[in-house]
There are 4 protein chains.
Amino acid sequence: MTPTTDSKGERPMRRDAARNRERLLDAAAEVFAESGLQGTVEDVARVAGVGMGTLYRRFPTKEALIDALVSAILDDILRDARVARDAADGQGLRDFLVAVGERQAHRHGQLPRIWGAERHAEPTRKIQAEIAALLADAQEHGRVRADAVPADIFAAIWSLRGVTESTRGVAPDAWRRHLEILLAGLEPSHAPLTYEPLARDVVERLPAR
Amino acid sequence: MTPTTDSKGERPMRRDAARNRERLLDAAAEVFAESGLQGTVEDVARVAGVGMGTLYRRFPTKEALIDALVSAILDDILRDARVARDAADGQGLRDFLVAVGERQAHRHGQLPRIWGAERHAEPTRKIQAEIAALLADAQEHGRVRADAVPADIFAAIWSLRGVTESTRGVAPDAWRRHLEILLAGLEPSHAPLTYEPLARDVVERLPAR
Amino acid sequence: MTPTTDSKGERPMRRDAARNRERLLDAAAEVFAESGLQGTVEDVARVAGVGMGTLYRRFPTKEALIDALVSAILDDILRDARVARDAADGQGLRDFLVAVGERQAHRHGQLPRIWGAERHAEPTRKIQAEIAALLADAQEHGRVRADAVPADIFAAIWSLRGVTESTRGVAPDAWRRHLEILLAGLEPSHAPLTYEPLARDVVERLPAR
Amino acid sequence: MTPTTDSKGERPMRRDAARNRERLLDAAAEVFAESGLQGTVEDVARVAGVGMGTLYRRFPTKEALIDALVSAILDDILRDARVARDAADGQGLRDFLVAVGERQAHRHGQLPRIWGAERHAEPTRKIQAEIAALLADAQEHGRVRADAVPADIFAAIWSLRGVTESTRGVAPDAWRRHLEILLAGLEPSHAPLTYEPLARDVVERLPAR
DNA sequence: GATGAATGAGTTTTCATTCAT
DNA sequence: CATGAATGAAAACTCATTCAT
């Protein structure tokens, strides 16, 4: 396994530096989950158990820290999608949405940035490609209506975001039942959709926050 | 029509005071739509065309201003629900969700607080009662599955919120297609839902961010 | 006399605001004279007897405060030049250099910015025009060598700057004797100068610090 | 030639240590010339190609590094003065001022400290002695007015400093023409100077910065 | 009352210096 | 010893709230 690299992706970091980087990302996730993105960098540093300077050595601005966090989540989601492609019988799409729901439920606080694609166009594009494949597979197996497009799956993700964001703290699993309803709505044999789907490239230009 | 009252709901306000109140609420809606809730009170006062002192005479804190804004929206939504009860053939629920979608699409910025029910338990309860009636009506007309409960309709609202928030600015109508899918999922003749619905009172305790 | 206006030069400021503006400029002059430009804005605010917010209401950044200070000095110097034109017998140039020497001696700390013309091209140009007139007058009266150009007078000013900067605190009048020597060197009947003078427009492009 | 010694001037340093010392001084000169004295020690270390620890092993504080740099320049200037004594016909003083002008033009950034003699009284004293000799020689040859004193030559140096500092980057040779005027002012047969010269010992107490 | 200037605690960011690897 | 990561005090700047005019 390749060692963690710094933000410019160059030579590997010293072991202690890499450990601090991870600690900082974990701490940031915790603090932002608690207080939203206006949680302070000072709190992040304290929770990580490092000094302010260490945080700023690793991440040149607070924004960079948030971006790194979001990148990590998007990478996880991309991995989820690739894992889901192994599912049999066109079940991959459902598996993927469940995985995304879980990630979002654990990462509230960062949600507004995760789907602010204008800062993360590349991973978003890759995820979109995976979604297209998962969707096609599900459609071939007759599990999903023919008029659904990848943008509808993104909408489903944002939908789960809305539910997790509203229920966070008090009902961490509320999104699961909502997803059941959504998936039912995506099954075949419904009246055709009347509104136009979102253009493919719009997904890559979503505003951050 | 009863004259506007001040925040403590006591004697009616002088005419110009009431006008300032409205101006400030409009300005706040505009500023928060633009910049989110971290928009500054100074901006609000400037857009309203009044001084800071006037703002603070009307609303003792920024929180109070936001609360007033949210209350107004919740009142609007409650009114939407009551209007929707006049719809024929169990279409009221659908009409209501469309109305809420439109309100949310026009009021992003305040969304996180709108469904932070712990500060607005009473109007939320009233809305919940209306939703229960709309849902029962839709179920009686065979338009909505029997295992849906009012909390599922709330989830649908949060779901729309998630879509409007993600697409704001770039695709203001994306939520309409998503709602079609959601409503399809709420139709009868689907496999029964396996996850438990949200307890009725949880809706009233949602965290305000 | 027209009341002080804010930095955008629009409508007049409230009396107390104008007073604070003056206080802040005085305090800044004092603090920067003491500690150089790395004197802190907090010190400036404290010396002025106002809060940080007041400073930042008047001057949006520390740079803006420094610029305002420099502008005021340049305005003073321009006024000195115009006053000097009233001097009889071609003595105006000497009077002007004495005046500039005094200003610089009282405003050390800001010196590097005063002659960083790239940020203050307009007043610098006006001063240059006045210097050209004073120089021509002095030359007509046979007090200054014919091969001197306005840039040489600027060099004399920077020269005084060098002396005041080096001797500040310990010998506040050292520049006066140095100026006598310089003026002697500018008298007629010396061997002609062999190095080319500075191009006229270079003076307006001097780097700030 | 005696080997370089460490900052306490004791036993000679190992060869590689001495090389690091030189590298650091060169790097510091470069960085400070670029950014002034607020250039960072981290930049110095990077330009020198060594780690921070090495820098701090060689120089216990940033101040010590600056002092070492200034000492080196003052040593160079002292050497310039001694070389100038070999000049024939009382030209040594002029040669010396040209040499100092060149050094200053190449070492802006450190200028404020070079002539902050309170930290470098000893070399300053030695330079003063050399200047006294050069001046006497020039006066004996009838090249310089009889009422000039060594402090006037220091003032000339600070004067050149003022010109180089103001014109740095845009007119690296502007000081040469200014020096011609200054030397003209130092020639005999001018009206006697009316302001008292600087006391001899003041030169040794100039404030650092 | 209305106005908008003043307040100051809180936030992000920098950088000389120290210390683990 | 050399390295470069870690430290944390200090600096610039923001903004909800108060108060003089």
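FYI, side chains are in, hydrogens and waters are out, and symmetry mates aren't considered; it's all heavy atoms of this structure. Every chain is numbered from 1 and lettered A, B, ... according to where its sequence line falls, protein lines coming before strand lines.
Regarding Phe59(A), its CZ atom lies at a distance of 15 Å from the P atom of dT14(E), rounded to whole Å. In this entry the distance linking CG of Leu24(D) with C1' of dG4(F) reads 14 Å, nearest Å. If you measure from atom CZ of Arg46(C) to atom P of dA6(E), you get 19 Å, rounded to the nearest angstrom. Separating the CG atom of Leu65(A) from the P atom of dT13(E) is a distance of 10 Å, rounded to the nearest angstrom. Between Arg58(C) atom CZ and dT7(E) atom P there is a gap of 11 Å when expressed in whole angstrom units. The CG-C1' distance, from Asp43(C) to dA10(F), rounds to 11 Å in whole Å. Atom CG of Leu55(D) and atom P of dT17(E) are 10 Å apart (whole Å).
Here the closest heavy-atom approach between residue Gly39(D) and residue Phe32(D) is recorded as O-CE2, 3.6 Å.
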Give me the distances for all protein-to-nucleotides 8-12 of chain E N/O pairs that come in under 3.5 Å?
residue, atom, partner, partner atom, Å
dG8(E), N7, Gly53(C), N, 3.3
dG8(E), O6, Gly53(C), N, 3.1
dT12(E), OP1, Lys62(A), NZ, 2.8
dT12(E), OP2, Val41(A), N, 3.0

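In terms of position on DNA chain F, the residue among Gly49(A) and Glu63(C) whose nearest nucleotide sits closer to the 5' end is Gly49(A).
The line from CG of Leu55(D) to CZ of Phe59(D) is 7.0 Å long, rounded to the nearest 0.5 Å. Ile114(C) contributes atom CD1, which lies 8.0 Å from atom CZ of Arg107(C) (distance to the nearest 0.5 angstrom). For the atom pair Gln110(C) CD and Asp67(C) CG, the distance stands at 11.5 Å (nearest 0.5 Å).
Using a distance-only test at 3.5 Å, with no hydrogens or angles considered, no donor-acceptor pair links the side chain of Lys62(C) to the main chain of Thr40(C). Using a distance-only test at 3.5 Å, with no hydrogens or angles considered, no donor-acceptor pair links the side chain of Glu63(D) to the main chain of Thr61(D). Looking only at distances, no side-chain donor or acceptor of Glu22(D) sits under 3.5 Å from a matching main-chain atom of Asn20(D). Counting only distance, with no hydrogens or angles, the side chain of Glu118(D) and the backbone of Gly116(D) share no donor-acceptor pair below 3.5 Å.
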> How does DNA chain F read in dot-bracket, base by base from 5' to 3', with Watson-Crick or G-U pairs under 3.5 Å and | used when the partner is on another strand?
Replying inline: .||||||||||||||||||||

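Dashed line: the shortest gap from a side-chain N or O of Arg57(A) to OP1 or OP2 of dG4(F) is not under 4.0 Å.
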What pairs of donor and acceptor atoms, side-chain ones from residues 43-54 of chain C against any protein atom, are under 3.5 angstrom apart with sequence neighbours left out?
residue, atom, partner, partner atom, Å
Asp43(C), OD1, Arg46(C), NH2, 2.4

